[in-house]
Amino acid sequence: MAGITWHYVLKFIITGDAAVGKSSLLVRLTDQRFLANPDPTLGVEFGSKLIEIPEEGKIVKLQCWDTAGTESFRSITRSYYRGAAGCLLVYDVTSRASFTNARSWLADVREHADPHLTCILVGNKVDLCDESAEGALVHKRREVATEEAEQWAKEEGLLFVEASAKSGRNVDLAFEEASRNILDKIRRGV
Ligand code: GDP
């Protein structure tokens, strides 16, 4: 969509435990690539992409910030949250701990971010437990059932999707769903 102007610029933050795939989701969104062995010290921190929300007839410029390198400190600065309209709260469907910890990441977001922020819970790495991966070297057991995550998301008022940065499944969709929700709030004056 080069040369196209946009109607809105939306800032997104991507949060969750280390190694759940935050940088990979960002690289997949902006670059349509997947790196099997990304260098953790070179975590992608920022990515930008234009997306279209046809129902609203709008072009949105996403500006996404990854929490690369900050997980261990848990002292994310206010500037990181400032102005964010959307948040991807990421866990790994093969890691129970990452799902449990999503609660405290959400608490952080609620403490620091705008109360109207739209948050989408993203269960990443579904490729690892796809039926088709049965027998494959990388096959891992799912530790978080779809229904359980869906239920928790509902209770917390979060959108929800399962995705894979590796295959690309539902990655664009996650950002589109969240953007659609944000534009809807803007239109309703929320
Ligand atoms: P971050 O620390 O949350 O930013 O996680 P990274 O994006 O650095 O990913 C951590 C590891 O998980 C890397 O080895 C990635 O290649 C791998 N990874 C990330 N997303 C996926 C995915 O969807 N499927 C699989 N199989 N591996 C993934």
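One-based numbering, in listed order, for ligands and for the atoms of each.
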Q.
List ligand 1 atoms under 4.0 Å from A19, heavy atoms only on the residue side.
A. 1 (P), 2 (O), 3 (O), 5 (O), 10 (C), 12 (O)

Q. How close do I120 and E177 get, heavy atom to heavy atom, and via which atoms?
A. CD1-CB, 4.2 Å

Q) For F99, which residues count as a ring pair (Phe, Tyr, Trp, His ring centres under 6.0 Å) partner, sequence neighbours excluded? A) Y91, W152

Q | Nearest heavy atoms of Q32 and K49, plus distance in Å | A | NE2-NZ, 3.5 Å

**Q.** T118 versus K185, closest heavy-atom pair with distance
**A.** OG1-NZ, 2.7 Å

(Q) If the condition is side chain to side chain contact (heavy atoms under 4.5 Å, CB included), which residues does A145 pass it with, not counting sequence neighbours? (A) E147, E148

Q) Where on A165 is there a heavy atom closer than 4.0 Å to ligand 1, on the side chain, on the backbone, on both, or on neither? A) both

Q. Can a non-hydrogen atom of I14 be found less than 4.0 Å from any atom of ligand 1?
A. no

Q: Determine whether the side chain, the backbone, both or neither of L35 has a heavy atom under 4.0 Å from any heavy atom of ligand 1.
A: backbone

**Q.** Residue pair D66, K22: steps toward the salt bridge (charged side-chain N to carboxylate O under 4.0 Å, His left out) verdict
**A.** CA-CA 7 Å; D66 178 19; K22 299 182 299 299; 5.0 Å; no

Q) Which ligand 1 atoms are under 4.0 Å away from a heavy-atom of D17? A) 3 (O)

Q: May I ask you to check if ligand 1 and A163 share an N or O to N or O distance below 3.5 Å?
A: no

Q: For atom NZ of K154, decide whether the heavy atoms of other residues, nucleotides or ligands shown that lie under 6.0 angstrom number more than 12.
A: no

Q: Report the part of V20 in contact with ligand 1, treating N, CA, C, O as backbone and CB onward as side chain, heavy atoms under 4.0 Å; options are side chain, backbone, both, neither.
A: both

**Q.** Per-atom contacts, ligand 1 versus L128 - under 4.0 Å to a heavy atom
**A.** 26 (N)

Q. Near K22, which atoms of ligand 1 are under 4.0 Å from a heavy atom of that residue?
A. 1 (P), 2 (O), 3 (O), 4 (O), 5 (O), 7 (O)

Q. What part of V27 sits under 4.0 Å from ligand 1 if we count only heavy atoms: the side chain, the backbone, both or neither?
A. neither

(Q) Is there a polar contact between ligand 1 and K125, counting only N or O atoms under 3.5 Å apart? (A) yes

Q. What atoms of ligand 1 come closer than 4.0 angstrom to any heavy atom of S24?
A. 6 (P), 7 (O), 9 (O), 15 (C), 19 (C), 20 (N)

Q) Looking only at heavy atoms, what is the nearest atom pair of S48 and K61, with distance? A) OG-CE, 3.3 Å

